[in-house]
Amino acid sequence: QVQLVESGGGLVHSGGSLRLSCAASGFTLDYYAVGWFRQAPGKEREGVSCISSSGGMIYYADSVKGRFTISRDNAKNTVYLQMNSLKPENTAVYYCARGWRISTVQSMCADRLAEYWGQGTQVTVSS
């Protein structure tokens with residue numbers, strides 16, 4: 001069955017960095033767009049960054065542009081999110097998600113449409 005398992009979350013000081021990983025299983029990553037989403041307490045889930053199956057198309061939320069970098073290693077069936085210059089407002093549960101074969105990075109991240117979701121990993125940024 002399809003599984004997405006996030007790791008790499010934790011507690012970091014403002015200005016610090018974290019690298020999230022999403023290990024995918026039960027399907028071949030090559031064929032799908034994947035992305036990272038987050039949900040802070042009392043707020044709606046938002047798309048942080050999404051990457052197309054080929055890696056040629058990438059979406060970033062305006063709030064993370066220049067600080068976060070998404071990447072994928074299809075050979076390892078793993079997606080990464082490198083987060084630098086973290087801010088307290090980045091505190092949230094971060095989720096990995098997989099789209100459908102026809103998903104675009106825009107439809108995934110902007111419209112928050114995904115077929116499968118991971119369980120999430122907590123990221124806490126202290127001031």
Side-chain angles (χ1 to χ4, degrees):
Q1 69 275 25
V2 172
Q3 283 194 314
L4 299 164
V5 180
E6 303 95 336
S7 61
L11 173 64
V12 64
H13 290 299
S14 182
S17 298
L18 283 174
R19 188 194 194 202
L20 305 183
S21 297
C22 172
S25 61
F27 67 99
T28 302
L29 191 63
D30 307 45
Y31 302 132
Y32 298 92
V34 289
W36 289 95
F37 298 74
R38 66 187 177 192
Q39 188 165 20
K43 294 188 175 182
E44 290 188 349
R45 189 172 297 188
E46 65 170 333
V48 176
S49 182
C50 294
I51 185 169
S52 63
S53 57
S54 68
M57 296 292 290
I58 293 177
Y59 171 104
Y60 290 107
D62 288 342
S63 61
V64 307
K65 284 180 181 176
R67 298 187 299 120
F68 289 14
T69 303
I70 192 171
S71 61
R72 60 190 295 156
D73 186 337
N74 289 346
K76 294 183 177 180
N77 251 29
T78 302
V79 186
Y80 305 97
L81 184 68
Q82 177 67 42
M83 305 187 295
N84 298 328
S85 302
L86 283 161
K87 306 174 181 180
E89 53 263 41
N90 298 142
T91 295
V93 177
Y94 283 71
Y95 299 90
C96 176
R98 193 206 82 178
W100 292 267
R101 287 211 182 190
I102 60 170
S103 293
T104 65
V105 295
Q106 183 74 19
S107 67
M108 276 196 73
C109 262
D111 300 331
R112 293 168 290 170
L113 297 174
E115 185 175 13
Y116 291 98
W117 298 84
Q119 293 300 305
T121 185
Q122 176 70 47
V123 171
T124 303
V125 185
S126 63
S127 57

Do [X] and [Y] come close enough that some side-chain heavy atom pair is under 4.5 Å?
{"X": "Phe68", "Y": "Ser49", "answer": "no"}
{"X": "Val123", "Y": "Asn90", "answer": "no"}
{"X": "Met108", "Y": "Leu113", "answer": "no"}
{"X": "Leu4", "Y": "Trp117", "answer": "no"}
{"X": "Thr121", "Y": "Leu20", "answer": "yes"}
{"X": "Val48", "Y": "Leu81", "answer": "yes"}
{"X": "Gln39", "Y": "Tyr94", "answer": "no"}
{"X": "Arg38", "Y": "Lys43", "answer": "no"}

Next item on the list: Say whether Ser17 and Asn84, considering side chains only, have a donor N or O and an acceptor N or O under 3.5 Å apart.
Entry: yes
- Query: Do Arg98 and Tyr116 have side-chain N/O donor and acceptor atoms under 3.5 Å apart?
  - Reply: no
Are [Y] and [X] linked, directly or through intermediate hydrophobic residues, by side-chain heavy-atom contacts shorter than 4.5 Å (ILVMFWY only)?
{"X": "Leu18", "Y": "Ile70", "result": "yes"}
{"X": "Trp36", "Y": "Trp100", "result": "no"}
{"X": "Ile51", "Y": "Met57", "result": "no"}

Here the gap from Arg101 atom CZ to Phe27 atom CZ, rounded to the nearest 0.5 Å, amounts to 11.0 Å
OG1 (Thr124) and CD (Gln122) are apart, to the nearest 0.5 Å, by 4.0 Å
Ring-face cation contact, Tyr95 with Arg45, 6.0 Å cut, 45° max: yes
Item to complete: Give a yes or no on whether the backbone of Lys76 and the side-chain of Asp73 come within a donor-acceptor separation of less than 3.5 Å.
Response: yes
| field | Gln1 side chain vs Gly26 backbone, donor-acceptor pair below 3.5 Å | value | no
